[in-house]
Amino acid sequence: ALTGHKNWPEQWPEAQPRAEYDVVIVGAGGHGLGAAYYLAKEHGITNVAVIEKGWLGGGNTGRNTTIIRSNYLYDESAKLYDHALDLWENLSTELNYNVMYSKRGVMMLAHNVHDVQSFQRHIHANRLNGVDNRWLTPAEAKKFCPPLNIAPDARYPVMGAALQQRAGTARHDAVAWGYARAAAKRGVDIIQNCPVIAIRRGPDGSVEGVDTAKGFIKAKKVAVSAAGHTSVVMESAGVRMPLESYPLQALVSEPVKPVFPCVVMSNTVHAYISQSDKGELVIGSGTDQYTSYSQRGGLPLIEHTVAAICEVFPIFTRMRMLRKWGGIVDVTPDRSAILGKTPVKGLYVNCGWGTGGFKATPGAAHTLAWTVAKDEPHPINAPFTLERFTTGRLIDEAAAAAVAH
Ligand SMILES: Cc1cc2nc3c(=O)[nH]c(=O)nc-3n(C[C@H](O)[C@H](O)[C@H](O)COP(=O)(O)OP(=O)(O)OC[C@H]3O[C@@H](n4cnc5c(N)ncnc54)[C@H](O)[C@@H]3O)c2cc1C
Ligand SMILES: CSCC(=O)[O-]
């Protein structure tokens, strides 16, 4: 039973591993915790353990810049990210935890003819898929976001913008905490500070369980949702993943009064910005350009980012930055996720979300749970196979990824 201070939100018990579970999920990020929740809630599978090497939510789920949108180009992507957006709408009620989902709008800036053509192609494709996205002139973009500099003599003048009004932000920690508490209430064990050292396979090649720092845990089904470390974990099962892991950094300013009403992103100047409910400017850009499992990146990238932000938003030139940090993003060749079965019986994988998997969290979790429960992908995640990198049926979303990586 969950206990705690009467005025304090209930948390989750500190579970210790049992000898065997029906399902083990590697990684207590939003995706892994959410998958455990939906396994219990929608499929009645509660003998589940989520194994986390650090603390739950301490990976990219707790380190991202919280942008949520679904304005991707391909039909498959629109279905996956809009499925997530549909689940975001009611997630606070579903989890009884305020995830602070805010539909403040996400505006993608165009600074050259290529940007204009690319974003207008996205807008037309989105409309065919029922995804809200519309074109704004520079003046309309400035009306929507007053701090925006639309001077024609700017280094990268704004030539227009694509606005997804339904898009926005959420409180990333609360997503992990909400899923963790709701999953634990349904009987899921969340085991923290317990790295999975290897996935163990039996004589017939199928999954037998996982070797962890706290011993072997038997399970016929193992789902890996380890983000930047997926390639390492999957290699222990003899599965080579088409992933590269990079540091992706973010930074926040000192808090100020509400001044920035939406989210603005720019592929060309490689920066994006929003303002948290506490008042900090939340800023990010592209990945460092070297592969690494480090959760920190280089200062040159931060210098480039703040220069880009000051160019597009001169009002922020004298803001002081409080802190910067990084996470490890797992990037596929086509910048789309891998979510489904693997060549190993009983082994499932959810990865490759790169710089953009926070927005997908409820949709990725929901379809991963479906895939594990039914041993078949949901129609929505069916196209996101590992095999597409041998068949060539790629889902190239590099443009929609909206940051350089
Ligand atoms: C700085 C930054 C900004 C970002 N901004 C955005 C954004 O604005 N919008 C957006 O959509 N996406 C964004 N992303 C990407 C997004 O954060 C991720 O794609 C998403 O959170 C991945 O969720 P997850 O649950 O798979 O990963 P994580 O939250 O990283 O969870 C994976 C977990 O697996 C654990 N793990 C790893 N190896 C092992 C092991 N061997 N044993 C046990 N546990 C293990 C890790 O400790 C981690 O807790 C950003 C990422 C970063 C780093
Ligand atoms: C880190 S980029 C954020 C996004 O993908 O919208």
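The structure displayed is predicted, hence computed values, not measured ones. Order of listing sets the numbers, starting from 1, for every ligand and every atom in it.
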Which residue holds the protein heavy atom closest to [atom], what is that atom called, and what is the gap in Å?
{"atom": "atom 29 (O) of ligand 1", "value": "T61 OG1, 2.6 Å"}
{"atom": "atom 30 (O) of ligand 1", "value": "N60 N, 2.8 Å"}
{"atom": "atom 19 (O) of ligand 1", "value": "G357 N, 2.9 Å"}
{"atom": "atom 34 (O) of ligand 1", "value": "G27 CA, 3.2 Å"}
{"atom": "atom 39 (C) of ligand 1", "value": "K53 CD, 3.6 Å"}
{"atom": "atom 5 (N) of ligand 1", "value": "T65 OG1, 2.9 Å"}
{"atom": "atom 52 (C) of ligand 1", "value": "L248 CD2, 3.6 Å"}
{"atom": "atom 41 (N) of ligand 1", "value": "V196 O, 3.0 Å"}

Work out whether the distance between some heavy atom of [X] and some atom of ligand 1 is less than 4.0 Å.
{"X": "G356", "answer": "yes"}
{"X": "P195", "answer": "yes"}
{"X": "G30", "answer": "yes"}
{"X": "P247", "answer": "no"}

Check the angle between the aromatic planes of [X] and [Y] and answer parallel, tilted or perpendicular using the 30° and 60° thresholds.
{"X": "Y72", "Y": "Y81", "answer": "parallel"}
{"X": "F119", "Y": "H122", "answer": "perpendicular"}
{"X": "Y156", "Y": "H111", "answer": "perpendicular"}

Run the salt-bridge test on [X] and [Y] with the 4.0 Å N-O cut-off and return the result as yes or no.
{"X": "R393", "Y": "D334", "answer": "no"}
{"X": "D375", "Y": "K341", "answer": "yes"}
{"X": "D132", "Y": "R134", "answer": "no"}
{"X": "D277", "Y": "R104", "answer": "yes"}
{"X": "K278", "Y": "E280", "answer": "yes"}

State the atoms of ligand 1, each with its element, that fall below the 4.0 Å cut-off from a heavy-atom position in [X].
{"X": "V233", "answer": "41 (N)"}
{"X": "N64", "answer": "2 (C), 3 (C), 4 (C), 5 (N), 6 (C), 13 (C), 14 (N), 17 (O), 50 (C), 51 (C)"}
{"X": "T66", "answer": "7 (C), 8 (O)"}
{"X": "I51", "answer": "43 (C), 44 (N)"}
{"X": "G354", "answer": "15 (C), 19 (O)"}
{"X": "W353", "answer": "19 (O)"}
{"X": "G59", "answer": "29 (O), 30 (O), 49 (O)"}
{"X": "G327", "answer": "53 (C)"}

Problem - side chain to side chain contact (heavy atoms under 4.5 Å, CB included) between W353 and F358, worked out - result: CA-CA 8 Å; W353 294 95; F358 174 67; over 6 Å; no
Exercise for the section: Verify, without hydrogens or angle tests, whether Q164 (side chain) and S70 (backbone) share a donor-acceptor contact under 3.5 angstrom. Expected result: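 Flag set: sc Q164 to bb S70 pair under 3.5 Å.
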Exercise for the section: Kindly indicate whether the side chain of V232, heavy atoms from C-beta on, has any atom under 4.5 Å from the side chain of Y293. Expected result: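 In contact.
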Problem - Side-chain touch Q249/D288, heavy atoms, less than 4.5 angstrom - result: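 Yes, at least one pair of side-chain atoms sits under 4.5 Å.
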Handout entry: F358, any N or O under 3.5 Å of ligand 1 N or O
Key =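 N/O-N/O distance below 3.5 Å exists for this pair.
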Practice task
Looking only at distances, please establish whether an N/O atom of ligand 1 is found under 3.5 Å from an N/O atom of W325.
Solution key: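 In fact, backbone or side chain, W325 has no N or O that close.
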Judged on heavy-atom distance to [atom], which of [options] sits nearest?
{"atom": "atom 47 (O) of ligand 1", "options": "H31, K359, M265, E52", "value": "E52"}
{"atom": "atom 6 (C) of ligand 1", "options": "T361, I67, T355, L368", "value": "T355"}
{"atom": "atom 38 (N) of ligand 1", "options": "R63, Q249, H229, R69", "value": "H229"}

Practice task
Verify side chain to side chain donor-acceptor pair (under 3.5 Å) between H31 and N350, making sure each step is shown before the conclusion.
Solution key: CA-CA 8 Å; H31 291 205; N350 165 54; 2.9 Å; yes
Exercise for the section: Could you pull out the closest heavy-atom pair between L243 and S231, with the gap in Å? Expected result: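 Minimum heavy-atom contact is CD1-N, 4.1 Å.
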Exercise for the section: Give a yes or no on whether K345 atom NZ has more than 12 heavy-atom contacts from other residues, nucleotides or ligands under 6.0 Å away. Expected result: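 For K345, atom NZ is not crowded (no more than 12 foreign heavy atoms under 6.0 Å).
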Practice task
Indicate whether any N or O donor in one side chain lies under 3.5 Å from an N or O acceptor in the other, for R18 and N47.
Solution key: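 A donor-acceptor contact under 3.5 Å links the two side chains.
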Exercise for the section: Take T66 and R171 through the side chain to side chain contact (heavy atoms under 4.5 Å, CB included) test and state the conclusion after the steps. Expected result: CA-CA 7 Å; T66 78; R171 166 83 195 269; over 6 Å; no
Handout entry: Shell of residues surrounding ligand 2, defined by a 4.0 angstrom heavy-atom cut-off that is strict
Key =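 Only I67, R69, M265, Y272, T355, G356, K359, A401, V403 have heavy atoms that fall under 4.0 Å of ligand 2, ordered by chain and number.
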Handout entry: Cationic tip of R181 above Y97 ring, under 6.0 Å, 45° of axis
Key =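 No, cation not above the ring by the 6.0 Å, 45° rule.
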